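Fair warning: this is a prediction, and the values are worked out from it, not measured in the lab. Note on naming: letters A, B, ... go to the chains in the order of the sequence lines (proteins, then strands), and numbering restarts at 1 for each one.
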Number of protein chains: 2
Amino acid sequence: MATKGKITSLDIAYLAGVSQATVSRALRGSPLVNEETRRRIEAAVKQLNYKVDKNASNLRTQHSGTLALLIFEDPTADDSHINPFFLSMLGSITRACAQHGYDLLISFQQFSRDWHADYADSKKADGIILLGYGDYLAYRDKLATLVEQGTQSVRWGAVLPDQPDVSIGCDNFQGGRAIAEHLLAQGCRRIAFIGDASSHYPEFQERYRGYADVLAAAGVAVDPALQVDAETTELAGYEAMQALIASGAPFDAVFAASDLIAFGAMRALDEHGLKVPEDVALAGFDDIPMARFVNPALTTVLQDTRQAGEMLVEALLRMIRGEKVESAILPVKLTVRRSSLRGGAGGK
Amino acid sequence: MATKGKITSLDIAYLAGVSQATVSRALRGSPLVNEETRRRIEAAVKQLNYKVDKNASNLRTQHSGTLALLIFEDPTADDSHINPFFLSMLGSITRACAQHGYDLLISFQQFSRDWHADYADSKKADGIILLGYGDYLAYRDKLATLVEQGTQSVRWGAVLPDQPDVSIGCDNFQGGRAIAEHLLAQGCRRIAFIGDASSHYPEFQERYRGYADVLAAAGVAVDPALQVDAETTELAGYEAMQALIASGAPFDAVFAASDLIAFGAMRALDEHGLKVPEDVALAGFDDIPMARFVNPALTTVLQDTRQAGEMLVEALLRMIRGEKVESAILPVKLTVRRSSLRGGAGGK
DNA sequence: CTGAAAGCGCTTACAG
DNA sequence: CTGAAAGCGCTTACAG
């Protein structure tokens with residue numbers, strides 16, 4: 001039937017005995033089309049297995065029905081070792097896109113290199129979602145350029161006073177507070193913080209601020225000797241923990257700025273014969289799926305990735321529609337597991 | 001400078017003092033363009049921050065420089081609980097696409113519903129990669145339809161004699177053999193298999209065949225009472241293990257058809273006071289990132305997702321180029337960890 | 001409610 | 001090496 005060549009709306013028009021314009025109207029759901037005509041067209045579409053050519057329709061309408069997701073990662077990142085937290089986000093973003101009838105283009109980006117953010121300019125995507133950690137101070141300029149050029153974009157990350165872009169982030173400060181309060185309630189007083197706490201990594205910095213805030217309010221000294229930098233990998237957490245132990249500074253709890261860091265810390269503690277939670281209470285941040293499987297299961301802060309993904313997509317779509325969009329902060333939830341429980345719950 | 005309206009190749013042409021056709025040639029890297037002319041054009045492109053409109057160029061050239069990845073999942077699947085193995089695949093596929101200069105569109109699909117495989121027909125993608133478990137016998141017809149309609153596609157999955165499509169899969173049979181041999185070598189004789197072993201799930205079936213093959217060769221009975229169905233989730237593994245324990249059939253080892261199943265089995269064993277590996281040796285399949293973090297760390301079979309992703313993408317691109325492409329089987333690698341070690345390595 | 005026609009922004013034979 | 005022109009397959013004012 002179909003003459004091998006590509007089937008176009010003209011073929012449908014011919015088969016249905018109408019003009020090509022009417023086919024287009026019918027397929028776009030225009031109310032102007034007669035019910036009977038529409039039925040004939042739909043029959044023809046089915047018969048020839050016709051699909052509208054998106055390149056043509058996108059060219060004509062000047063939008064693509066597609067969003068792009070850029071995930072930043074370390075150059076060191078190995079295939080399968082993308083931060084699981086971002087993979088969860090990816091899942092919920094994909095789903096949110098589908099719900100809104102948008103397709104999703106994804107791309108991993110090296111943080112340090114020039115971003116391939118051309119998806120929007122080249123009309124492959126109507127807007128861009130940015131995801132991933134990296135040095136914010138380096139980040140900032142590129143973000144500003146993006147925004148200046150009028151690229152529609154939203155970012156997952158810390159929500160700060162003067163940032164150039166629209167961001168959605170979780171309440172890192174409250175999360176940090178929750179962990180610190182919990183560890184204090186467990187009787188810990190020498191609580192180490194593993195993770196960068198500078199303005200280069202605002203999310204970690206906020207977690208640290210929450211932690212320091214609670215300690216100070218409780219009259220517990222915030223000892224700089226108990227803070228060790230680490231990027232978000234198991235290895236960095238391991239090495240930072242080693243360094244802390246080697247330093248000889250006494251501690252009875254560890255607040256790792258992310259779950260991956262906590263896993264590394266757990267391994268280092270184990271190698272040094274320090275038991276979690278009996279000798280050292282341990283907590284992380286993110287609540288990635290693995291957190292409940294490690295032994296002991298990890299106390300952490302749940303970031304609701306489902307909600308986050310929906311917020312990101314919805315914010316971006318509103319932006320694309322030309323509405324004014326504000327940054328937003330999502331609540332977090334403390335998730336207590338065995339790794340931080342000093343009392344009777346510990347032990348084998 | 002740019003008059004707010006969209007910048008097109010005509011603007012570049014005007015600025016560079018050439019025709020629009022020459023701009024197009026220069027930007028596509030045609031050797032016909034004079035060096036000096038090319039430089040002027042490139043300067044203009046930079047000055048106006050021009051990007052080629054992909055919708056227009058794709059429409060003209062009739063291909064999109066994009067591949068689509070469909071990931072099938074259970075309707076029950078929660079946001080963040082996509083099988084981590086497929087997330088690893090997603091990572092390596094994304095990377096492989098980037099290496100080949102292709103963009104990647106992703107979409108989660110409900111297995112039971114009609115697939116939204118229109119990416120290719122609508123010219124949004126040049127081809128499709130299929131990923132995910134599901135009832136193969138139901139799957140098969142849809143696959144056949146896809147292939148019939150001439151949609152370019154490759155699938156990750158079992159490589160079987162009569163399948164309609166091109167598949168890349170790992171050597172499930174050898175993987176099953178490797179686990180069984182290892183468990184036998186540990187002195188186990190009553191080795192349970194948790195996972196579906198029917199032709200509905202050919203990958204699991206192959207793993208089961210490898211296992212049964214080795215047992216038979218070693219003169220160990222393959223007891224049907226020791227095989228319990230389970231889909232690939234932690235919960236299904238947990239429930240299947242409960243059922244097996246409740247059945248009263250004695251066993252000294254468990255071969256779970258996937259790591260997620262193994263995690264669930266581990267939890268059930270733990271709740272029943274059965275120690276891994278002392279009382280029961282346990283092995284999984286996939287080597288997802290969590291496998292090394294559970295306690296005890298899980299013996300499993302490594303599927304090389306990096307290689308798999310590259311193979312899938314390369315096969316699909318060859319197909320798109322019109323080359324003949326065959327299905328292929330990738331080697332696997334036994335990864336022994338503490339969960340299966342009966343000897344001195346066990347214990348705390 | 002429908003059709004004829006213009007045009008989205010490119011790419012690429014064709015002619016020079 | 002370059003330009004003028006056709007055309008990819010749609011969508012949408014415009015006219016009826």
A/Glu310 and A/Arg306 ion-paired at < 4.0 Å = yes

Rounded to the nearest angstrom, tell me the gap between atom [atom1] in [X] and atom [atom2] in [N].
X	N	atom1	atom2	value
B/Leu10	D/dG3	CG	P	12 Å
A/Lys123	C/dC10	NZ	C1'	14 Å
B/Lys124	D/dC10	NZ	P	15 Å
B/Leu32	D/dA4	CG	P	17 Å
A/Gln62	D/dT12	CD	C1'	13 Å
B/Asn58	C/dT11	CG	P	9 Å
B/Arg28	C/dT11	CZ	C1'	7 Å
B/Ile7	C/dG9	CD1	P	12 Å

Compare side-chain N and O positions of [X] against OP1 and OP2 of [N] and report whether any pair is under 4.0 Å apart.
X	N	value
A/Ser9	D/dC10	yes
B/Thr22	D/dT2	no
B/Tyr50	C/dC10	yes
A/Thr8	D/dG9	no
B/Ser19	D/dA4	no

Over all atoms of both residues, closest heavy-atom pair of B/Ala308 and B/Leu330 | CA-CD1, 3.6 Å

With a non-hydrogen cut-off below 4.0 angstrom, is [X] in contact with a base, only sugar-phosphate, or nothing?
X	result
A/Gln20	base
B/Arg25	base
A/Thr61	sugar-phosphate

Where the side chain of A/Arg40 meets the backbone of A/Ala16, is there a donor-acceptor pair that is under 3.5 Å apart?
-> yes

Side chain of A/Ser24, backbone of A/Gln20: donor and acceptor closer than 3.5 Å?
-> no

Of D/dT11, D/dG9, D/dG3, the nucleotide closest to the side chain of A/Ser57 is D/dT11

Between C/dG3, D/dG9, C/dT12, which nucleotide has the shortest distance from any of its atoms to the side chain of B/Arg60?
-> C/dT12

Applying the 3.5 Å cut-off to both distances, the Watson-Crick or G-U partner of C/dC14 turns out to be D/dG3

When the nearest nucleotide of DNA chain C is assigned to B/Ala21 and to B/Asp53 on a heavy-atom basis, which residue is associated with the more 5' position?
-> B/Asp53

Side-chain donor-acceptor pairs of residues 317-326 of chain B under 3.5 Å, sequence neighbours excluded:
| from | atom 1 | to | atom 2 | distance (Å) |
| --- | --- | --- | --- | --- |
| B/Arg321 | NH1 | B/Glu323 | OE2 | 2.8 |

Looking only at atom P, what distance separates C/dT2 and C/dA6, rounded to whole Å?
-> 23 Å

Say you pick atom P in C/dA13 and the same atom in C/dG9; how far apart are they, in whole Å?
-> 23 Å

I would like to know whether B/Arg39 and B/Glu42 meet salt bridge (Lys or Arg N to Asp or Glu O under 4.0 Å); could you show each step before the answer?
-> CA-CA 5 Å; B/Arg39 255 193 298 278; B/Glu42 271 158 11; over 6 Å; no

